[in-house]
There are 2 protein chains.
Amino acid sequence: MKTTPVAHPPLRGNQPHCQTCSLNALCLPLSLSDSDMERLDDIIRRGRPIQKGQLLFQQGDEFQSVFAVRTGALKTYTLASNGEEQITGFHLASELIGLAGYDAGNYPLTAKALETTTVCEIPIHQLESLTDELPDLRKQLMRTMGTEIRHDQNMMLLLSKKNAEERVASFLIDISNRYQRRGFSSSHFRLPMSRVDISNYLGLAVETISRVFTRFQKNELIDTQGKEVIILDMEKLYEMAGLVSEDECEHK
Amino acid sequence: MKTTPVAHPPLRGNQPHCQTCSLNALCLPLSLSDSDMERLDDIIRRGRPIQKGQLLFQQGDEFQSVFAVRTGALKTYTLASNGEEQITGFHLASELIGLAGYDAGNYPLTAKALETTTVCEIPIHQLESLTDELPDLRKQLMRTMGTEIRHDQNMMLLLSKKNAEERVASFLIDISNRYQRRGFSSSHFRLPMSRVDISNYLGLAVETISRVFTRFQKNELIDTQGKEVIILDMEKLYEMAGLVSEDECEHK
DNA sequence: CGAGCGCTTGAAATTGCTCAATGTTAGTGG
DNA sequence: CCACTAACATTGAGCAATTTCAAGCGCTCG
């Protein structure tokens with residue numbers, strides 16, 4: 001078990017705040033009143049950016065804080081005992097990471113920056129005392145964990161039932177939706193992760209990812225240039241993913 | 001969206017209680033004081049047993065309660081939009097199910113009895129008010145969700161990185177450990193689920209499960225007769241699973 | 001400008017799947 | 001208690017999807 005390589009740099013002045021953060025409607029403060037948000041804001045630490053490839057925390061490190069992504073993106077992965085790495089999620093701005101370690105005393109996974117990334121650190125002890133007083137915050141935390149569980153169960157379905165094309169289509173749709181929720185284009189974006197990361201996440205070989213991307217491009221489903229992706233036919237992509245676009249089917 | 005076929009039968013007299021339940025050290029009451037346990041016990045409803053094949057709740061049903069398995073076993077599964085079913089977990093006595101629906105308002109999965117099963121029902125509203133007052137209970141719930149997340153992430157690793165033999169070996173070890181924790185034999189047990197369920201859970205074809213079981217039997221790793229399983233070489237099974245038996249490797 | 005990493009493409013190999021047939025078990029009703 | 005049926009389980013053969021191996025390209029960063 002190694003010690004944390006990077007972790008939590010000291011504070012700097014001129015900090016942003018939850019109250020003015022453009023992400024507060026997506027992030028942990030969601031559903032908090034102004035005064036409650038202020039109390040949450042008080043315990044949040046905002047450190048210097050972490051660079052691409054640096055670790056935010058490592059599997060086995062003592063569980064001390066949860067983190068909200070402010071800008072940038074990270075991947076989280078677990079290590080099998082044989083050393084193999086399984087990426088369990090990519091995390092964009094406003095998303096909370098680290099909660100899975102809540103009960104264990106240490107992080108059950110490693111978080112690595114995919115690009116230069118800034119995070120808000122929320123020390124767990126203070127968060128815990130705060131949740132004692134703020135039921136809304138508590139619910140929000142439970143909600144976040146529920147979301148995580150549903151995500152993982154969707155991934156189980158994907159990994160055990162879907163073929164390569166369905167996996168890639170599902171992946172692109174997921175990313176697209178997440179960018180959209182953040183106010184970015186749902187059809188034109190830049191993937192923060194490498195092909196190798198995607199292949200690992202989707203349980204496929206890199207070569208397969210490459211081939212599916214080119215096939216999608218030939219079939220004019222998407223246009224892609226390196227990490228840049230333009231979705232040309234969202235409708236069809238939903239079909240490929242084994243899903244149905246929301247437009248035409250709202251009942252569940 | 002269909003209505004619930006079975007759900008929550010009426011109460012009966014002569015109920016057992018958390019205080020005297022042999023599972024209370026594994027179940028939700030874990031870490032509660034006697035008086036707190038009593039308060040939890042007061043809100044628990046204990047219905048008549050549900051029969052093999054009956055549903056406890058169904059994907060889409062309104063989220064009203066979480067359930068603890070008292071005796072028997074269930075499977076939970078999600079339905080893909082194309083109707084395919086993915087089993088996300090098997091649940092033995094003392095295990096809590098339904099929490100994943102916490103934030104969504106309705107259950108994100110279906111729970112079906114694998115055999116005659118009795119459950120303790122915990123209405124969510126009352127549980128919520130109780131958590132307001134009992135921080136220990138709150139923590140226990142968070143812990144349970146954390147455990148669920150780690151389980152699912154382990155499954156993601158299994159589904160995306162392990163071959164058929166490794167999957168089956170991992171599965172048998174997991175079941176074995178869970179029986180052991182409940183005070184049963186870790187080397188001789190009866191699987192409550194069918195081969196089809198196992199294959200679905202592990203992301204393999206039924207035939208593959210069958211073949212791996214016979215191969216394991218030929219290699220004298222296990223002895224099996226239908227759902228009855230005897231583990232002959234635990235050591236080797238751990239190796240096959242890509243794990244290391246606790247005996248020989250305690251670090252990490 | 002060269003090295004190296006990341007990405008793409010092709011051909012061969014492999015693993016697990018599908019299909020089909022047969023065997024086995026458990027539950028039902030005469 | 002036995003016969004019957006339906007669901008479950010096993011086994012074999014051929015096949016298909018994806019992986020592995022190998023090679024080449026192109027961008028980026030020292």
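This one's a predicted model, so the numbers in the text were calculated from it and none came from an experiment. Naming: A, B, ... by sequence-line order, numbering from 1 per chain. We use all heavy atoms of the structure for the numbers below, so side chains are in, but hydrogens, waters and symmetry mates are not.
Heavy atoms of other residues, nucleotides or ligands lying less than 6.0 angstrom from NZ of Lys161(B) number more than 12. Within a 6.0 Å sphere centred on NZ of Lys227(B), other residues, nucleotides and ligands contribute more than 12 heavy atoms.
Atom CD of Glu228(B) and atom C1' of dA26(C) are 15 Å apart (whole Å). Spacing between atom CZ of Arg215(B) and atom P of dT15(C) amounts to 10 Å, rounded to whole angstrom units. Atom P of nucleotide dC8(D) and atom CD1 of Ile198(B) are separated by 13 Å, given to the nearest angstrom. Rounded to an integer number of Å, the gap from Lys218(A) NZ to dT8(C) C1' is 11 Å. Taking atom NZ on Lys161(A) and atom P on dG16(C), their separation rounds to 16 Å, with Å as the unit. Taking atom CG on Asn163(B) and atom P on dT20(D), their separation rounds to 11 Å, with Å as the unit. Atom P of nucleotide dG24(D) and atom CD of Glu207(A) are separated by 16 Å, given to the nearest angstrom. We find that CG of Leu114(B) is positioned 17 Å from P of dA7(D), with the value rounded to whole Å.
Nearest-nucleotide mapping onto DNA chain C: of Lys162(B) and Lys52(B), the residue sitting toward the 5' end is Lys162(B). Comparing Ile209(B) and Gly203(A) by the nucleotide of DNA chain D whose heavy atom lies nearest to each, the residue mapping closer to the 5' end is Ile209(B).
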Original post:
Under the ring-ring contact (aromatic ring centres under 6.0 Å, His included) criterion, do Phe90(B) and Tyr201(B) qualify, and how do the steps go?
Top reply: CA-CA 9 Å; Phe90(B) 299 110; Tyr201(B) 182 58; 4.9 Å; yes
Subject >> Derivation and outcome, salt bridge (Lys or Arg N to Asp or Glu O under 4.0 Å), residues Arg182(A) and Glu95(A) >> reply: CA-CA 11 Å; Arg182(A) 281 159 189 76; Glu95(A) 289 170 346; 2.9 Å; yes
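The nucleotide whose nearest atom lies closest to any side-chain atom of Lys227(B) is, among dT19(D), dC8(D), dT10(D), dC8(D). Minimum atom distance to the side chain of Arg211(B) is reached by dT18(C), of the listed dT20(D), dT18(C), dC7(C). In this structure, the nucleotide among dT18(D), dA9(D), dT8(C) sitting nearest to the side chain of Ser210(A) is dT8(C). Here dT10(D) is the nucleotide among dT10(D), dT18(D), dC7(C) with the atom lying nearest to any side-chain atom of Arg195(B). Checking dT19(D), dC7(C), dG16(C) against the side-chain heavy atoms of Leu204(B) singles out dG16(C) as nearest.
Salt-bridge formation is not detected for the pair Lys52(A)/Glu115(A): no Lys NZ or Arg NE/NH1/NH2 atom is positioned less than 4.0 Å from an Asp or Glu carboxylate oxygen.
When the side-chain nitrogen and oxygen atoms of Thr214(B) are compared with OP1 and OP2 of dT11(D), one or more of them lie within a distance under 4.0 Å. Note on Thr208(B): a side-chain N or O is less than 4.0 Å away from OP1 or OP2 of dC17(C). Remark: Gln225(B) is not in phosphate contact with dT24(C), judged by side-chain N or O atoms under 4.0 Å from OP1 or OP2.
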